[in-house]
Amino acid sequence: MSIKSFAAQIFARIVHAQTQKWAQNPEATQKRVFEQLIDQARHTVFGQDHHFDQIKTYEDFTSRVPVRDYEALRPYIDQIVSGKENITWPGKPIYYAKTSGTTSGAKYIPITRASMPFHIQAARNAILQYIHQTGNADFINGKMIFLQGSPTLQDKNGVQLGRLSGIVAHYVPKYLQKNRMPSWKTNCIEDWETKVDAIVEETMHEDMSVISGIPSWVQMYFERLQQKAHKPVGDIFKNFNLFIYGGVNYEPYRAKFENLIGRKVDSIELFPASEGFFAYQDSQTEPGLLLLLHSGIFYEFIKTDEFFSENPKRYTIGQVELGVNYALIISTNAGLWAYNIGDTVMFVSKKPYRLVVTGRIKHFISAFGEHVIGKEVETALQQAIQGTDIRINEFTVAPQIAPEQGLPYHEWLIEFENLPQNMQILSSQLDNLMRQQNVYYDDLIAGKVLRPLVITSVKKGGFQQYMKSIGKLGGQNKIPRLSNDRTIADALLKIT
């Protein structure tokens, strides 16, 4: 064992012990975070507008601070971006994370001196928790790669602006710099396809032990490697044994990945966003991601089936239930207050609080009142292909409200690596699995309001072609699993 591996194991034990302290006291931890946030922001413009000096309890907070999305908070953020100080958090941000908004155009999410360390610590601690649980620290000695956006930053009124993954690239610890791939020059390439080809050239003869990124884009990297070397990724990188991912559910990709790698490798799931780092997988045996209750973020939850009502009830960590779908609401030390980030989650454990990401509050299908969510379609597809040789590259689902003939239906647009022998059997299995999960969908099929789902095969590379056509190929961009309209579906059909 190397000195670096030995030191990592000691550090892992320390971090695990620290984690246990706050994880075993969830409500007290969140109460402390809440009080600190209110106290630190009471003299900001937002704090004065919402009378933070009068907030003594959580009930005081909910009565004064409504839930907002980016558009509703934008009058404050526009002031921050213009260069003003002490708007939603003391001083000025040190970065803006630029993201793509669906209704707002580009969004500028502030990152402050208080919030930035938690982005870095959470990613580090996820790896350390893995080391603590498995005892495996040998990968520390190999090369590591994170497929990310360009680290090139721009100036926005005296504040650095870039993609979150590019900002984080500036914080790689010195002791990992020699292990880090690709080179800074390659990482700065903007065109995704050119960048992936350059990464392949730089890495294929290296001892890669850890590979990280959004599964759909790592898959593209693996495919290019395999095409270049004419052998599985696991043979190219014999010591590759840890895949770290976030952004989308890995399960629909798992069979394809294992085929590309040629063997199974351990994985760690992360739940980061520009607004904060919310959770990570802390166990290789228990389901769900550990919610980070100590990291400068106060969490609230709204049941998704109540979210669009006039005055939905807001729940704190001590009030959530297992198996209920919630919209995630955050207040943070980056100056976001009762902010709806758009993600939905479901708790699978309370000791400690672990959750799974179920989708997006705006990404659902309810054209007929079926309330289908991302977790349901991902689970159905995963179970339908389990134990088969069917491998999926990508998929999305949309309603077909006005077909040329017959009843409406849900259309599953799937890019297969290898087509199933019998598409009708797969369609029937998927439909039955959806009916088992969603009583509303089952009622609509039984009542002949909808007919069973239809699978449309998308040509290989079709999803990448679509993402390229809208300027979102690579980086942190990902295909929505569900849409309540046919914008994506119709564009894919033109490609197909």
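Along the sequence shown, residues are numbered consecutively beginning with 1.
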>> Tell me every residue that passes salt bridge (Lys or Arg N to Asp or Glu O under 4.0 Å) with Glu275, counting only those two or more places apart in sequence or in another chain.
In response: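 Partners of Glu275 by the salt bridge (Lys or Arg N to Asp or Glu O under 4.0 Å) criterion come out as none, since no residue qualifies.
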> Excluding sequence neighbours, so at least two apart, what forms salt bridge (Lys or Arg N to Asp or Glu O under 4.0 Å) with Asp282?
Replying inline: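 Asp282: salt bridge (Lys or Arg N to Asp or Glu O under 4.0 Å) contacts with Arg354.
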Ignoring hydrogens and angles, tell me if any N or O in the side chain of [X] forms a donor-acceptor pair with the backbone of [Y] under 3.5 Å.
X      : Y      : value
Thr203 : Glu206 : no
Gln129 : Ser283 : no
Ser165 : Gln148 : no
Ser5   : Ala137 : yes
Gln319 : Thr316 : yes
Gln30  : Ile297 : yes
Lys460 : Glu417 : yes
Lys195 : Asn187 : yes
Thr396 : Pro480 : yes
Glu378 : Glu251 : no

> If you round to the nearest 0.5 Å, how far is CG of Leu419 from CZ of Arg391?
Replying inline: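 Between atom CZ of Arg391 and atom CG of Leu419 there are 11.5 Å.
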>> Quick check for you: to the nearest 0.5 Å, what is the distance between Thr152 atom OG1 and Leu161 atom CG?
In response: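 Going from OG1 on Thr152 over to CG on Leu161, the span is 11.5 Å.
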Measure across [X] and [Y] and return the closest heavy-atom pair with its distance rounded to 0.1 Å.
X      : Y      : answer
Gly162 : Leu153 : CA-CD2, 3.8 Å
Ile361 : Ala327 : CD1-CB, 4.3 Å
Gly142 : Asn179 : O-ND2, 2.8 Å
Ala126 : Leu270 : CB-CD2, 3.6 Å

Below 30° counts as parallel, above 60° as perpendicular, anything between as tilted: where do the rings of [X] and [Y] land?
X      : Y      : value
Phe347 : Tyr326 : perpendicular
Tyr280 : Phe277 : perpendicular
Phe139 : Tyr130 : tilted
Tyr441 : His410 : tilted

>> When you measure from the centre of the six-membered ring of Tyr108, is the NZ or CZ of Lys156 closer than 6.0 Å and no more than 45° off the axis?
In response: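 Yes.
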> Are Tyr171 and His119 close enough, and set up right, to give a ring pair (Phe, Tyr, Trp, His ring centres under 6.0 Å), and what steps lead you there?
Replying inline: CA-CA 10 Å; Tyr171 287 82; His119 285 276; 9.5 Å; no
> Looking at Glu394 and Arg481, does any basic side-chain N land under 4.0 Å from a carboxylate oxygen?
Replying inline: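 Salt bridge: yes.
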> What pairs of residues pass the salt bridge (charged side-chain N to carboxylate O under 4.0 Å, His left out) test when at least one of them lies in residues 215-227, not counting sequence neighbours?
Replying inline: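 Of all non-adjacent pairs touching residues 215-227, those that pass salt bridge (charged side-chain N to carboxylate O under 4.0 Å, His left out) are Glu193-Arg224, Asp197-Arg224, Glu223-Lys256.
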> Can you pull the salt bridge (charged side-chain N to carboxylate O under 4.0 Å, His left out) pairs that have at least one residue in residues 228-249, sequence neighbours excluded?
Replying inline: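 Counting only pairs at least two positions apart or across chains, the salt bridge (charged side-chain N to carboxylate O under 4.0 Å, His left out) contacts touching residues 228-249 are Glu201-Lys228.
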>> Before you tell me yes or no, could you show the steps for Val320 and Tyr353 under side-chain contact (heavy atoms from CB on, under 4.5 Å), namely the whole-Å CA-CA distance, both residues' side-chain angles and the distance that decides it to 0.1 Å?
In response: CA-CA 10 Å; Val320 296; Tyr353 279 91; 3.7 Å; yes
> Sequence neighbours excluded, which residues qualify as side-chain contact (heavy atoms from CB on, under 4.5 Å) partners of Ser427?
Replying inline: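 Applying side-chain contact (heavy atoms from CB on, under 4.5 Å) to Ser427 gives Met423, Gln424, Leu453, Ile455.
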> Crowded around Lys303 NZ? As in, over 12 foreign heavy atoms under 6.0 Å?
Replying inline: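 More than 12 within 6.0 Å, yes.
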> Can you list the residues that meet the ring-ring contact (aromatic ring centres under 6.0 Å, His included) rule with Phe257, with sequence neighbours excluded?
Replying inline: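 Here the qualifying residues are Phe222, Phe243, Tyr250.
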